[in-house]
Amino acid sequence: MKFGIVVFPGSNCDHDAYHVAKHVLGEEAVFLWHKDESLQGCDVVILPGGFSYGDYLRTGAIARFSPIMKSVGRFAADGGRVIGICNGFQILLEAGLLPGAMLKNERLKFVCRHVHLRVETCRTPFTGLCAPGEVLSIPVAHHDGNYFADAATLAELKAHDQIVFRYCTEAGLLRAEANPNGSAEHIAGICNRAGNVLGMMPHPERAAEAMLGSADGLKIFQSLLAAPAGAR
Amino acid sequence: MEEQPITPALVEEHNLTAAEYERIVATLGRTPTLTELGIFSVMWSEHCSYKSSRVHLRRLPTRGPCVIQGPGENAGVVDIGEGEAAVFKIESHNHPSFIEPYQGAATGVGGIIRDIFTMGARPIACLDSLRFGPLLDAKNRFLLDGVVAGIAGYGNCIGIPTVGGEVYFDDSYSLNPLVNVLCLGVARRDQIFYGKASGVGNPVIYVGARTGRDGIHGATMASAEFDETSQERRPTVQVGDPFQEKLLLEACLEAFKTGAVLGIQDMGAAGLTCSTCEMGARGGVGVRIELDRVPQREEGMTPYEIMLSESQERMLMTVAAGREGEILEIFRKWDLEAAVIGEVIADGVMHVEQGGRVVARIPNTALTDDAPVYERPLRRPAYLDKVNALNLDRLALPGGLFRAFKDMLAAANLCSRRWIYRQYDHMVRTNTALLPGADAAVLRLKGRRAALAVTTDGNGRYTWLDPRRGAMIAVAEACRNLVCAGARPLAATNCLNFPSPEDPEVMWTFAEVIDGIAEACAAFGTPITGGNVSFYNETLGKQIMPTPVIGMLGVIDDVERRMDIAFKEPGHAVLLLGETLEELGGTEYLELVHGLKQGPIPRLDLQREANLQGAVREMIGAGLLASCHDVSEGGLAMALADCCFASPDPTMAVEVTLAQDLREDAILFGESQSRAVVSAPDAHADRIAAIAADWSVPCALIGRVSRDVFAIRLNGHTLVIDDVISLRDIWTTSLETILH
Amino acid sequence: MRAKVYVTLKRGVLDPQGKTVQRAVKSLGFKEVLEVRQGKYFELALPDDVAADRARQVVEEIARTVLTNTVIEDFRFELEEA
């Protein structure tokens with residue numbers, strides 16, 4: 001499987017995602033420059049974490065105007081698999097490829113720590129190898145991860161099984177103290193209705209090797225490798 | 001040349017003495033222009049010239065088999081095997097952080113990161129050593145909050161993990177916070193770049209942000225004491241742009257790969273001035289620049305302003321003639337400003353033109369090697385005798401040692417730093433193999449078995465009470481921290497924070513500290529490869545405690561053999577290595593519980609310390625230990641608590657039984673050096689004891705890792721017993737509670 | 001010509017920064033302040049000869065597509081002759 005990792009000016013988890021795809025999974029991986037339009041025949045596009053354009057206007061707000069994002073939009077519409085991690089999730093929201101928006105963390109501070117995520121649906125190509133309700137340990141690192149959507153949008157997300165991960169306690173319970181940023185309904189990750197575009201604030205690429213404290217994030221990448229094309 | 005007459009008042013305003021001005025006139029053989037006066041002023045400032053410290057710094061050991069580049073460059077470089085080199089340095093940004101904590105700290109981070117990638121290395125980690133006044137004062141809380149946010153704002157955005165450091169609080173740092181930042185990078189050994197101009201006729205390229213009127217005279221600001229008007233000097237504080245620097249970092253690393261870049265230097269303190277004359281001086285050539293070609297952010301900037309601007313995120317490079325197009329193209333790709341602004345010339349001068357007129361022409365060496373050097377008077381401070389007369393016979397044991405222990409868990413100097421490190425992205429780049437809270441940060445090297453370990457250490461109270469021994473302890477503890485993480489210490493960098501060098505008592509403590517560092521570094525075989533001196537840390541006559549901070553780098557040969565401090569399994573044996581003496585002078589306990597800041601500080605025997613480190617290394621190398629933690633501030637009781645709290649399992653606890661004929665508080669809280677707490681399966685206990693005996697290190701089985709109950713028993717009675725979760729809670733949340 | 005664009009969080013969207021400022025204002029003794037909403041302010045410089053209608057159209061478009069995330073933010077703007 002060929003992974004394409006988009007490099008925006010200010011992306012800083014691009015090398016981390018590349019490392020996992022290439023050296024941990026042993027798959028093909030290429031960097032995709034934001035000024036280019038070609039996706040180089042990639043099977044999966046990763047919008048990595050970082051501070052694209054410094055996040056000076058709003059997180060992800062300027063990156064979405066990059067030439068490459070036109071191609072990513074078309075790729076997604078055709079059923080291509082896209083993961084936005086952290087800043088990548090924020091870009092997907094700004095680009096309208098996923099619903100909702102990001103607010104500053106409730107406590108107004110950047111937060112970097114391991115959190116627990118409950119897998120809310122296994123009916124995505126990103127979570128196929130997870131058990132329903134399985135708890136993953138994956139770190140977050142962000143200042144704007146407080147997911148917001150109006151009531152109607154949240155209802156839609158639920159109705160179409162689009163909430164993929166929620167912050168939870170180690171035992172899998174939804175509790176305010178387990179939510180690092182105050183996000184609506186403890187949402188940590190969502191997908192589009194077709195299930196081929198995933199946005200998540202936690203960093204699975206930082207939890208893909210036991211040496212770094214957890215290898216739970218690897219399940220997301222391995223699910224992709226195992227998922228048949230077109231499956232939701 | 002410019003018309004403005006140079007008056008004595010103008011000279012004084014530039015922090016130059018009359019004698020220094022005479023010397024300028026003699027060097028040039030004429031009156032300087034205003035621009036030249038400004039240039040001399042910054043280059044001869046304490047910050048750039050090291051004029052008060054240079055004679056002492058020469059005593060530091062700077063050579064060793066691993067040293068590729070010692071002091072005098074943008075950063076130190078050491079060989080870490082397999083064709084790779086580590087590039088690292090620590091630097092202060094104290095004064096700017098006092099004036100504007102967020103931007104001061106942010107630009108401190110940005111500056112040291114530039115020093116590292118300028119040398120061709122990719123920065124892989126930062127550590128911060130911070131000092132503030134007590135948090136009871138709202139002003140100090142404001143400074144801490146701003147500094148931490150500034151470090152986070154810059155480091156997180158540029159994508160370099162902040163993996164460790166330290167923070168301590170003492171009244172002497174009120175109005176004088178210390179912000180010392182260490183950055184570590186990795187480069188190919190044969191791809192190191194130096195701040196050196198070469199090849200007459202080669203173009204000189206300016207890259208990065210445009211020049212504005214930022215921070216004019218920042219270097220002289222860092223070389224003067226503060227008074228009531230300092231707050232009004234705000235306009236001299238520069239604003240950092242981490243996004244710009246991220247682009248600059250990537251573009252520079254890409255440019256280095258072309259082979260066209262011959263030399264490069266960051267424009268930090270003293271900006272374009274410093275980079276121009278230093279690059280010329282190091283290369284034994286000159287640099288001619290035309291200011292009209294310098295990208296500028298504001299209109300109508302004078303040569304004086306352009307030369308002295310400290311706008312951030314800028315670099316100067318020399319490039320092989322004919323290849324400038326290639327380099328400019330790379331910077332354009334990253335949407336960065338880049339322009340050829342001059343060329344390398346044969347004369348060893350800094351030659352500056354604007355509008356076809358020469359506005360400055362100064363021999364490079366007059367600004368660098370031949371800058372004034374002072375042998376300032378030294379006088380042993382009178383306070384030392386008074387504060388080193390602690391009589392333990394007159395020190396009553398506190399009513400409840402358990403109460404004292406709980407107070408220590410909550411103390412700002414000992415409690416968890418979680419509130420701070422959670423604001424830092426400490427995992428980006430996915431190399432962080434030991435999370436914050438350990439004795440040292442450990443960074444894996446992708447594709448290699450080896451890893452790097454790095455730490456910062458410095459106890460201002462120790463150095464205030466005993467400058468020489470305090471400095472030696474800082475070096476010893478830094479080495480010990482690395483050894484406890486499974487590393488072999490390689491080399492060091494130092495940040496020397498002191499009050500005014502014009503005070504002979506300060507200069508005496510400085511000289512003592514240098515001798516202490518020199519002796520300890522020589523003993524441990526860890527040369528000093530660079531660093532920074534920050535003088536004038538005093539405000540309204542109030543001086544900081546002399547605070548040398550040691551940054552130490554080590555190598556772990558096999559990353560799988562890295563060691564952390566957390567107890568792993570109930571039932572494991574807990575052993576104390578080293579000897580506990582009746583030493584309470586200079587301890588956290590003495591100040592916190594008894595309100596006394598008195599010495600003598602703990603003894604340090606370099607041979608014993610080396611033995612302890614040798615024994616620990618052998619035990620870790622043989623795979624015998626489950627955890628290892630050095631005993632430092634807060635003593636044995638605190639070290640045991642740390643080992644419990646570091647476990648992800650909140651019920652992990654310890655029960656120990658001590659038997660020793662010493663004061664109970666000295667056993668619990670004394671800070672005797674050269675000790676470590678280790679845990680291991682019972683099956684390893686004999687081999688551990690045998691290794692300890694080989695190294696002549698006392699080794700005592702003191703207890704077992706347990707669950708839920710944290711207990712310390714001494715000579716038959718129980719001093720501390722409680723549910724570990726409640727103790728952990730005090731320790732974990734204390735800083736948050738104090739701050740909110 | 002100069003355009004001044006003000007962006008604020010929509011009513012109903014939690015504004016923790018505004019709340020924090022409000023708490024600070026209150027603790028300083030200013031009891032009269034009922035609510036603080038934090039926002040962003042942009043100044044856009046346009047050529048003097050651009051027609052007001054055209055300017056309004058351009059600024060509106062920029063404000064809507066770039067400066068504001070309309071899921072959570074509202075904007076308003078004013079034009080000023082130089």
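Chain letters run A, B, ... following the sequence lines, proteins first, then strands; residues in each count from 1.
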Just wondering, more than 12 heavy atoms not from [X] lying within 6.0 Å of its [atom1]?
| X | atom1 | answer |
| --- | --- | --- |
| A:Glu170 | CD | no |
| A:Lys109 | NZ | yes |
| A:Arg107 | CZ | no |
| A:Asp78 | CG | yes |
| C:Lys26 | NZ | no |

### Query
Relative to chain A, which of C:Val71, C:Thr20, C:Val7 shows the most heavy atom pairs under 4.5 Å?
C:Val71
### Gap between atom CG of C:Asn69 and atom CZ of A:Arg64 - 0.5 Å precision
8.0 Å
### Task
Can you measure from CD1 (C:Ile72) to CG (A:Asp150) and round to the nearest 0.5 angstrom?
12.0 Å
### Query
What closest approach, in Å, do C:Val66 and A:Phe65 show between heavy atoms, and which atom pair accounts for it?
CG2-CZ, 3.8 Å
### Query
Are A:Leu103 and C:Leu9 side-chain neighbours, meaning at least one heavy-atom pair lies under 4.5 Å?
yes
### Task
Evaluate the side-chain proximity of A:Phe148 to C:Leu14: yes if any heavy-atom separation is below 4.5 Å, no if none is.
no
### Task
Using a heavy-atom cutoff of under 4.5 Å, enumerate the residues of residues 29-42 of chain C that contact chain A, numbered in order, or state 'none'.
C:Lys40, C:Phe42
